[in-house]
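Computed from a prediction, not measured in an experiment: that's the story for all the values here.
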Amino acid sequence: MNALRFRRAAIAVSAAAVLPLALSACGGDDGKKDSSASTAEAAPPATQSSTGDASMTDKPFGPGCAAVPKDGAGSFDGMAKDPVATAASHNPALSTLVAAVKKAGLVDTLNNAQNITVFAPTNDAFAKIPKADLDKVLNDKATLTKILTYHVVGQKLTPKQLENGSFDTLEKSKVTTAGSGTAYKVNDSANVVCGNVPTANATVYIIDSVLMPK
């Protein structure tokens, strides 16, 4: 009888000793769960990477980019290796601009400049000017230089900067820009048809109208 009582007492003691440990272990798991839950609640929801307009404008953009050769010196990769006047000479859509730059004697000036932006009118942009007027300008070096340098800004401009911008040109007067995403205008008149084109020393925005200094 005494032995039986002793055995029961021993079991009770053992249970009393084990129960707090078991409760402690359970409490530890709950604590971890609570901690994990609170951490999850405190952490902000994962944000999607910014792949909207910003990523679209990290590279050349615009409907006119389709006319740029896919490979060779006139491609985007090819133009990125050459200074801006040389790079433009490899793009068939800019042949009139290149001829004008040569007539004005600005090839070395543009190629040797550092970190500039060039608003480059296409052949179609020059075609909007009556032929007699265009021929007159092309044969007047002072006027031609004034017009061409008005298309050059002395810093590299990102698409973001074009959203509402006003910039000093090499011609010494200002050019204004406005727009967002992949649609921008220069001086409220010229549309960017292929923007953010890199060359070795410049960023080029190809436009559909010739800019005229005031």
Side-chain angles (χ1 to χ4, degrees), residues 49-127 138 141 144-163 165 167-171 175 177 179-187 190-211:
S49 59
S50 54
T51 56
D53 290 339
S55 67
M56 290 175 65
T57 54
D58 284 344
K59 296 180 179 180
F61 62 87
C65 293
V68 175
K70 301 299 180 186
D71 49 38
S75 67
F76 292 129
D77 288 341
M79 291 178 71
K81 298 173 184 176
D82 290 322
V84 64
T86 302
S89 71
H90 298 308
N91 188 321
L94 300 177
S95 59
T96 305
L97 172 63
V98 171
V101 167
K102 289 178 179 178
K103 273 186 168 289
L106 293 173
V107 172
D108 289 341
T109 299
L110 294 178
N111 277 348
N112 293 326
Q114 295 299 314
N115 299 320
I116 59 174
T117 292
V118 176
F119 294 103
T122 62
N123 295 344
D124 289 341
F126 281 99
L138 290 175
K141 187 174 180 179
L144 183 60
T145 299
K146 182 179 178 69
I147 291 172
L148 292 176
T149 53
Y150 183 64
H151 289 73
V152 183
V153 172
Q155 60 178 305
K156 282 189 177 182
L157 300 177
T158 65
K160 183 70 175 175
Q161 289 174 285
L162 299 189
E163 290 183 359
F167 309 99
D168 291 326
T169 68
L170 296 193
E171 185 270 332
V175 66
T177 59
S180 63
T182 58
Y184 297 92
K185 276 185 174 292
V186 186
N187 284 1
N191 295 296
V192 174
V193 296
C194 185
N196 207 33
V197 179
T199 73
N201 67 325
T203 299
V204 176
Y205 291 89
I206 300 174
I207 55 178
D208 66 358
S209 296
V210 177
L211 306 175

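Once rounded to the nearest 0.5 Å, the distance linking NZ of K185 with CG of L162 reads 13.5 Å. Here H90 contributes atom NE2 and S95 contributes atom OG; the two are 13.5 Å apart, rounded to the nearest 0.5 Å. Note: L144 CG to K103 NZ = 8.5 Å, rounded to the nearest 0.5 Å. One distance of note links OH of Y184 with CZ of F119; it measures 11.5 Å at 0.5 Å rounding. To the nearest 0.5 Å, the span separating CD1 on I206 from CG on N91 amounts to 5.0 Å.
Scanning all heavy atoms of the two residues, the minimum distance from V197 to C194 falls at CG2-SG, 3.8 Å. Across all non-hydrogen atoms, the minimal contact from Y150 to V175 is OH-CA, 4.0 Å. Contact detail for T122 and D208: the closest heavy-atom pair is OG1-CA, 4.3 Å. Closest approach of P83 and N201 over heavy atoms only: CA-OD1, 3.3 Å. Smallest separation of non-hydrogen atoms from T177 and F167: OG1-CE1, 3.4 Å. A pairwise comparison of heavy atoms in P121 and V210 identifies CB-CG2, 3.9 Å as the closest pair.
Y205 places a side-chain N or O within 3.5 Å of a backbone atom of L157 that can act as its donor or acceptor partner. Judged by distance alone, with hydrogens and angles left aside, the side-chain atoms of T117 form a donor-acceptor pair with the main-chain N or O of Q155 at under 3.5 Å.
Contact check for T169 versus T149: no side-chain heavy atoms found under the 4.5 Å cut-off. By the 4.5 Å heavy-atom criterion applied to side chains, L106 and V152 are not counted as neighbours.
The side-chain hydrogen bond (donor to acceptor under 3.5 Å, both in side chains) search around Q161 returns T158, not counting sequence neighbours.
Listed by first then second residue, pairs satisfying side-chain hydrogen bond (donor to acceptor under 3.5 Å, both in side chains) with a partner in residues 71-86 read T86-N111, not counting sequence neighbours.
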Take L97 and H151, measure what side-chain contact (heavy atoms from CB on, under 4.5 Å) needs, and give me the verdict at the end. CA-CA 11 Å; L97 172 63; H151 289 73; over 6 Å; no
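Of the candidates T96, L110, L94, L110 is the only one forming a side-chain contact (heavy atoms from CB on, under 4.5 Å) with V101.
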